[in-house]
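Structure first, commentary second.
When reading the values below, keep in mind they use all heavy atoms of this one structure, side chains included, and skip hydrogens, waters and symmetry mates.
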Amino acid sequence: MQKSRRLALGSLVVLAVLVACRAKEQAAPEVSKQEASPSAAPTTIPTLPSPPPVWRAARWSMTKAEVLAAFPGEAQRLEQPADFGPKGAGSTDVAIPAYEIEGTKFRVLFGFDGDTLTRIHLSAAKAGDATCGDLEKLPTQEHSAPSDRSTTQTNLRREQIVWKRPDQTITLVCSEVVSLGFRTVTLEYTAPKV
């Protein structure tokens, strides 16, 4: 009989301990795997932020559809591809036909390698005397002084100003023949070569 009392008492003690432990487990805050083990890998993969825009809302590697969506009411598909300049410089069918900077209207062409944005080319429709200087101020204010400047003079005076950055190269080309009143100004953003 004493043996059965001890057995019953022991069973009650074990049952009481189990109930007490279970109550503590339910009350204890959950510890994540990261908190339990500092060397444990995170369970979620963080998303990388979008790269900064190259020009206005445009980012390198955008598709044609993404560029058109980034410039609603401005960017459009052209009926006929437009050339970037001299023969062999390429062409595109995505553009902003008229965009104003510092009082000068520019045509903006978006260049793609396959369906990936790699080039943005702005050309002045009618460059004035101050267009080149006014346009040079924009990348200088945003990115600091140009990394290279060169001038060639024949019948045509050509100045090329370059801002070389890890994420892009910006090239401003100003050409003119003063005696003829001829002047062109282009500003081109190009993606880094991969």
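A cation-pi arrangement, defined by a distance under 6.0 Å to the six-membered ring centre and an angle within 45 degrees of its axis, is absent between Lys105 and Tyr99.
Going from atom CD of Glu188 over to atom CG of Leu122 covers 9.0 Å, rounded to the nearest 0.5 Å. With rounding to the nearest 0.5 angstrom, the CG atom of Asp93 is 10.5 Å from the CD atom of Gln80. Rounding to the nearest 0.5 Å gives a distance of 12.5 Å between OH of Tyr189 and CG of Leu117. Atom-to-atom distance recorded for Arg158:CZ and Thr184:OG1 is 8.5 Å, nearest 0.5 angstrom. Atom OG of Ser150 and atom CD1 of Ile161 lie 9.0 Å apart (nearest 0.5 Å). How far NE2 of His143 is from CD of Gln141: 11.0 Å, rounded to the nearest 0.5 Å.
Using a cut-off of 4.0 Å between Lys/Arg side-chain N and Asp/Glu carboxylate O, Glu74 and Arg56 are scored as salt-bridged. The existence of a salt bridge linking Arg183 and Asp129 is confirmed by a sub-4.0 Å separation between a basic side-chain nitrogen and an acidic carboxylate oxygen.
Linking Ile, Leu, Val, Met, Phe, Trp and Tyr whenever their side-chain heavy atoms come within less than 4.5 Å leaves Val67 and Leu78 in two separate clusters. Val162 and Leu138 fall into different hydrophobic clusters, defined by Ile, Leu, Val, Met, Phe, Trp and Tyr side-chain heavy atoms under 4.5 Å apart, directly or through other members. Hydrophobic cluster membership differs between Trp55 and Val173, with clusters built from Ile, Leu, Val, Met, Phe, Trp and Tyr side chains linked at under 4.5 angstrom. Under the 4.5 Å side-chain heavy-atom criterion for grouping Ile, Leu, Val, Met, Phe, Trp and Tyr, Ile96 is connected to Val54 within one hydrophobic cluster.
Residues Asp83 and Ser91 come closest through the heavy atom pair OD1-CB, 3.5 Å. Closest of all the heavy-atom pairs between Ile170 and Gln168 is CG1-OE1, 3.7 Å. Between Lys126 and Thr104 the shortest heavy-atom distance is O-CG2, 3.9 Å. For the residue pair Ala127 and Val185, the shortest heavy atom distance occurs at CB-CG2, 3.6 Å. Closest approach of Ser175 to Leu156, counting heavy atoms only: CB-CD1, 4.0 Å. The heavy-atom pair separating Thr190 from Trp60 by the smallest distance is C-CZ2, 3.3 Å.
Evaluation of the side-chain contact (heavy atoms from CB on, under 4.5 Å) rule for Lys193 yields no partner, not counting sequence neighbours.
Looking at Lys137 and Thr140, their side chains never come closer than 4.5 Å, going by heavy atoms from C-beta outward. A 4.5 Å side-chain heavy-atom check between Leu68 and Arg77 finds at least one atom pair inside the cut-off. Under the 4.5 Å side-chain criterion, counting only non-hydrogen atoms from C-beta, Thr118 is not in contact with Phe112. For the pair Asp134/Cys132, no side-chain contact is recorded, criterion being any heavy-atom separation below 4.5 Å from C-beta on. Within the 4.5 Å cutoff, side-chain heavy atoms of Ile120 are placed close to those of Val108. No side-chain heavy atom of Thr171 sits under 4.5 Å from any side-chain heavy atom of Trp163.
Residue pairs meeting the salt bridge (Lys or Arg N to Asp or Glu O under 4.0 Å) criterion with at least one member in residues 146-156, sequence neighbours excluded, are Glu136-Arg149, Arg149-Glu159.
Distance alone, capped at 3.5 Å, is enough to place a donor-acceptor pair between the Thr92 side chain and the Phe110 backbone. In this structure, the side chain of Glu142 does not engage the main chain of Pro139 through any donor-acceptor pair within 3.5 Å.
The aromatic rings of Phe84 and His121 stand perpendicular to each other, their planes meeting at an angle above 60°, with 30° marking the opposite boundary.
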- Test Asp115 against Lys64 for salt bridge (Lys or Arg N to Asp or Glu O under 4.0 Å), laying out the working first. CA-CA 6 Å; Asp115 196 34; Lys64 290 180 179 185; 5.2 Å; no
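Of the residues listed (Leu187, Ile101, Thr186), the one engaging Phe106 in a side chain to side chain contact (heavy atoms under 4.5 Å, CB included) is Ile101, and it is the only one.
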